[in-house]
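Below is one structure, written out as structure tokens; comments come after it.
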There are 2 protein chains.
Amino acid sequence: MEVTRSNFKDNLNKVYEAIEESDFLAIDGEFSGISDGPSVSALTNGFDTPEERYQKLKKHSMDFLLFQFGLCTFKYDHTEEKYIMKSFNFYIFPKPFNRSSPDVKFVCQSSSIDFLANQGFDFNKVFRNGIPYLNQEEERQLREQYDEKRSQANGAGSLSYISPNATKCPVTIPEDQKKFIEKVVEQIEDLLKNEENESLELEPCTGLVSEITHLLKKKNLFWPYRIGGVIKKKKLFTWERYIVISKVNEEERKRREQQKQAKEQEELNDAVGFSRVIHAIANSGKLVIGHNMLLDVMHTIHQFYCPLPDVTFFRFNLFSYYFVSRLLDTKLMASTQPFKEIINNTSLAELEKRLKEVPFSSPKVESADGFPSYDTASEQLHEAGYDAYITGLCFISMANFLGSFLSPPKNHVSARSKLIEPFFNKLFLMRVMDIPYLNLEGPDLQPKRDHVLHVTFPKEWKTSDLYQLFSAFGNIQVSWIDDTSAFVSLSKPEQVQIAVNTSRYAESYRIQTYAEYVEKKHEDKRA
Amino acid sequence: MEVTRSNFKDNLNKVYEAIEESDFLAIDGEFSGISDGPSVSALTNGFDTPEERYQKLKKHSMDFLLFQFGLCTFKYDHTEEKYIMKSFNFYIFPKPFNRSSPDVKFVCQSSSIDFLANQGFDFNKVFRNGIPYLNQEEERQLREQYDEKRSQANGAGSLSYISPNATKCPVTIPEDQKKFIEKVVEQIEDLLKNEENESLELEPCTGLVSEITHLLKKKNLFWPYRIGGVIKKKKLFTWERYIVISKVNEEERKRREQQKQAKEQEELNDAVGFSRVIHAIANSGKLVIGHNMLLDVMHTIHQFYCPLPDVTFFRFNLFSYYFVSRLLDTKLMASTQPFKEIINNTSLAELEKRLKEVPFSSPKVESADGFPSYDTASEQLHEAGYDAYITGLCFISMANFLGSFLSPPKNHVSARSKLIEPFFNKLFLMRVMDIPYLNLEGPDLQPKRDHVLHVTFPKEWKTSDLYQLFSAFGNIQVSWIDDTSAFVSLSKPEQVQIAVNTSRYAESYRIQTYAEYVEKKHEDKRA
Ligand SMILES: Nc1nc2c(ncn2[C@@H]2O[C@H](COP(=O)(O)OP(=O)(O)O)[C@@H](O)[C@H]2O)c(=O)[nH]1
Ligand SMILES: Nc1nc2c(ncn2[C@@H]2O[C@H](COP(=O)(O)OP(=O)(O)O)[C@@H](O)[C@H]2O)c(=O)[nH]1
């Protein structure tokens with residue numbers, strides 16, 4: 001189901017309900033770009049540590065917009081032995097909701113935009129009709145603004161003598177106008193005393209509403225009255241504005257105030273917008289499935305909670321602060337035992353195809369009443385809702401496969417099964433050679449890397465120069481860092497020291513061991 | 001007329017013709033945003049110098065994308081005494097045309113996007129079907145790439161023994177493959193000697209095409225043959241690739257090469273894309289009209305020529321290098337004598353309305369055959385093509401008005417008339433108090449500003465604090481620079497020194513004269 005600004009409010013409860021009743025959720029995001037700096041392959045160096053990868057993505061990927069969010073909820077029907085799914089495809093856009101709200105700037109990467117355009121992505125839906133959102137800080141500020149306005153209206157705040165619409169001009173009211181205002185206040189006091197009159201039409205005046213309001217407030221005379229309802233009357237060449245003041249009784253005042261508060265709350269909710277869906281997912285405690293989901297998770301935290309924390313990846317564990325739910329990355333799962341050996345290609349489309357064949361089997365999944373169904377035969381890849389759906393299918397097939405190792409074997413393995421716990425809260429690290437995942441719950445794996453060299457050289461060098469340099473060492477592998485440095489892994493760790501020693505007097509290039517490189521980097525950081 | 005990637009090539013000659021035959025052109029651009037930093041009002045400080053304004057726009061506005069360009073050509077029909085106009089609305093997008101082409105990143109500003117969305121702007125047309133473009137440097141690089149490829153193909157370049165598709169892997173061909181390759185070359189030599197055979201099918205081989213090519217080239221045997229036409233044959237489990245080599249006679253070779261060159265030239269033209277329209281405008285020598293066109297001109301240079309020059313605005317005169325055509329800004333014209341006194345609001349929509357009334361008159365303008373006409377009664381403001389059209393109308397009305405001062409008065413003043421020359425190549429500076437324009441042809445105006453103070457203060461200060469500070473000096477005007485500084489202009493220059501003296505011992509704020517401020521800034525720059 002497509003959800004835009006137009007139908008968001010009407011369907012929010014449907015979304016909440018789907019999350020609540022589900023056994024697990026699958027998510028997927030589409031972004032306006034991937035990297036605003038290095039090429040994707042330099043962004044994903046084969047010897048990145050999880051911390052480095054996180055920092056790079058934080059630095060180079062967060063200025064893009066997550067503008068489509070797919071959510072697919074799966075609920076198991078035990079009697080029918082099938083999953084019922086509900087899929088939502090949300091369009092998201094930070095539409096400024098008033099003059100003082102944040103005016104978000106986001107980057108677009110032509111190649112990503114072009115890629116989505118070729119998939120038939122509907123940019124008009126995003127930009128014309130995307131659901132707005134606020135992060136936690138913006139929500140807090142907006143709430144504060146409302147609170148402040150309310151306490152001012154209640155006379156609780158200490159107001160200075162400044163008109164609200166002209167905070168930047170000093171209010172120096174000329175003597176004759178002061179007289180006029182005081183006369184008005186007298187008239188109002190008369191109105192109050194006199195039971196018959198219900199309203200009062202002031203002499204023509206312009207722009208003094210706030211001054212009059214202020215004076216009334218000072219006299220504690222504000223609330224029994226409603227000022228406003230400025231009437232315009234056409235005069236010969238111009239319009240004259242009359243201020244109409246009418247009595248309001250206590251009950252009506254209360255009713256009005258409640259109405260106003262309800263309206264404010266609704267405005268606030270509207271502004272928080274799509275973030276409410278994310279909060280619901282995060283707080284549901286459900287298992288949240290994604291495919292290669294590191295970027296999705298980072299974007300989600302960054303866009304709907306707070307700027308990603310600085311310095312070390314460990315603080316990324318602020319994640320655990322916001323997310324009650326646990327995460328499971330199907331790309332990691334498919335790259336791990338016992339799947340690793342029988343699955344060649346873990347890209348989403350290929351994985352989905354592979355999992356239809358023995359020894360796997362396609363799960364029985366139907367869409368709930370009133371929800372459109374997807375046809376996996378005619379691919380709609382790269383619509384976030386569809387990708388989330390496919391991701392869910394992959395998870396079910398793989399989870400069920402794990403059941404075949406039990407004795408007696410089980411056909412259905414639920415999202416609550418112990419069998420899948422080893423995969424929880426580990427996010428797949430793309431193209432890292434020896435660290436499969438970023439661990440959200442504990443320290444990361446620390447492979448030895450004692451066969452790895454860090455090499456710096458002139459930027460004219462090509463990979464072939466590196467092959468030549470190391471030609472004596474047999475097979476090597478090059479992982480470019482930037483255009484003057486790369487990691488080179490040798491096949492035998494014992495060659496490392498030889499290479500370093502040989503290089504000692506070289507002028508054009510420099511070789512250090514991986515350990516030295518790390519040590520140096522830490523030193524630079526401390527300095 | 002709407003022009004997208006689909007119909008660009010078919011209509012390019014129509015565009016060229018319209019420019020060529022016209023008396024003047026009007027242009028307008030729509031951008032994905034305005035400022036990626038300060039608020040628009042801080043970006044446009046009332047006491048910016050033209051150089052400062054230029055630098056600020058360069059710094060804060062150039063990362064946005066000019067994604068719609070309106071061009072409206074006007075040609076005067078003397079017998080019918082009316083203008084014939086042709087309006088084009090171009091959608092523009094930097095679609096990467098191959099793997100090595102630039103992957104442009106551009107910024108979007110939510111408020112600008114939302115604004116355009118509300119006007120019904122079609123983002124899908126931009127992103128799915130925008131016309132690509134290259135700047136001068138990108139065009140040069142691409143041309144070089146083609147030249148290089150061609151000279152390599154002609155055997156002119158000195159090739160190293162590297163296959164083109166694997167520049168990053170060293171080519172160490174195993175001995176047995178070397179033998180194979182040499183055998184192939186022998187076979188080819190036989191083919192050449194033997195008049196009967198026309199082609200030769202090699203034994204199954206993979207990925208050796210470039211090695212074979214290379215060897216043939218080394219033996220100067222390349223051109224009489226056509227290598228390629230790899231045939232795939234299905235074997236039991238896999239495909240086998242056969243390379244087919246066939247003779248090519250000299251004539252056919254030439255024909256093929258010409259075809260290839262023509263194709264390359266077309267590819268290059270396609271890649272240069274919309275820039276060709278800009279080049280045509282710039283080189284036409286016509287008068288180019290815009291409304292408040294500084295940003296349009298800067299974006300045009302930046303996007304279709306080269307990054308804007310650094311340091312001083314004077315080098316902005318590189319403009320004169322690219323543009324043969326002259327510019328005229330209708331907002332400047334409307335803000336200058338004799339229009340200034342009779343035109344209150346110079347925003348495009350208001351100006352257009354005003355110029356329909358006495359003492360002005362609506363010009364007679366019709367759209368050319370086959371071109372859709374715009375209806376100024378039902379506004380379509382903020383479609384670039386329409387805005388360009390309206391801008392043209394405004395120019396005509398104002399130019400004709402100048403004719404009323406002649407004796408005898410003239411109803412029609414052409415774009416070549418001396419009367420409008422004073423407005424040439426001066427770009428309106430928005431919200432600058434005392435310098436109306438940035439002069440593209442000479443030094444800028446240097447108003448005295450001896451009544452202006454530069455004030456720094458704690459960021460808690462509001463405008464009211466400044467009013468209070470200067471309360472002794474009567475009317476003042478505040479122009480915020482950032483949240484700890486502002487220009488304050490006093491009504492009387494002689495008060496300036498008093499204010500500076502009084503402030504000498506102040507702790508929370510600092511006051512200096514405008515002259516001191518400028519001097520200090522220059523010093524800082526020199527340091
Ligand atoms: N000096 C040099 N740098 C390279 C070379 N190849 C790659 N790099 C650097 O490594 C980065 C990643 O390159 P690569 O992995 O080939 O990705 P690609 O540029 O997207 O094809 C590039 O952006 C360069 O900075 C090379 O041959 N020479
Ligand atoms: N400290 C302080 N700075 C201000 C105030 N008003 C404006 N500024 C600064 O001046 C810049 C331009 O403000 P303004 O001209 O009011 O434009 P706006 O912020 O778009 O309404 C702001 O971004 C602030 O940095 C103020 O009352 N106090």
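Sequence lines set the chain letters: A, B, ... in the order given, protein chains first and strands last, and positions in each chain run from 1.
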Open item on the list: Return the CZ to CZ distance between B:F127 and A:F127, rounded to the nearest 0.5 Å.
Closed with: 4.5 Å
Open item on the list: Check this for me: B:Q477, atom CD, are more than 12 non-hydrogen atoms of other residues, nucleotides or ligands nearer than 6.0 Å?
Closed with: no
- [ ] Go through B:V104, B:N129, B:D103 and name the one with the most non-hydrogen pairs under 4.5 angstrom from chain A.
- [x] B:D103
TODO: Counting only heavy atoms closer than 4.5 Å, note whether A:S35 contacts chain B via side chain, backbone, both or neither.
DONE: backbone
Open item on the list: How about NZ on A:K59, more than 12 heavy atoms from neighbouring residues, nucleotides or ligands closer than 6.0 Å, or not?
Closed with: no
TODO: Look up atom CZ in B:F123 and atom NZ in A:K125, then write down how far apart they are to the nearest 0.5 Å.
DONE: 15.5 Å
- [ ] Pick one of side chain, backbone, both or neither for B:N118, based on which atoms fall under 4.5 Å of a heavy atom in chain A.
- [x] side chain
Task: Residue A:E2 excluded, over 12 heavy atoms near CD under 6.0 Å - done: yes
Open item on the list: Looking at A:D114 and B:K95, is any side-chain nitrogen of the basic one under 4.0 Å from a carboxylate oxygen of the acidic one?
Closed with: yes
Open item on the list: Out of A:A117, A:S471, A:S110, return the one with the most heavy atom pairs under 4.5 angstrom to chain B.
Closed with: A:S110
- [ ] Could you walk me through whether A:D122 and B:R128 pass side-chain contact (heavy atoms from CB on, under 4.5 Å), step by step?
- [x] CA-CA 9 Å; A:D122 194 337; B:R128 294 179 182 173; 4.1 Å; yes
Task: Heavy-atom side-chain proximity of A:I113 to B:F93 below 4.5 angstrom - done: yes
TODO: Would you indicate whether B:N344, at its atom CG, is surrounded by more than 12 heavy atoms from other residues, nucleotides or ligands within a distance under 6.0 Å?
DONE: no
Task: Selection from B:S112, B:G120, B:S32 maximising heavy-atom pairs under 4.5 Å formed with chain A - done: B:G120
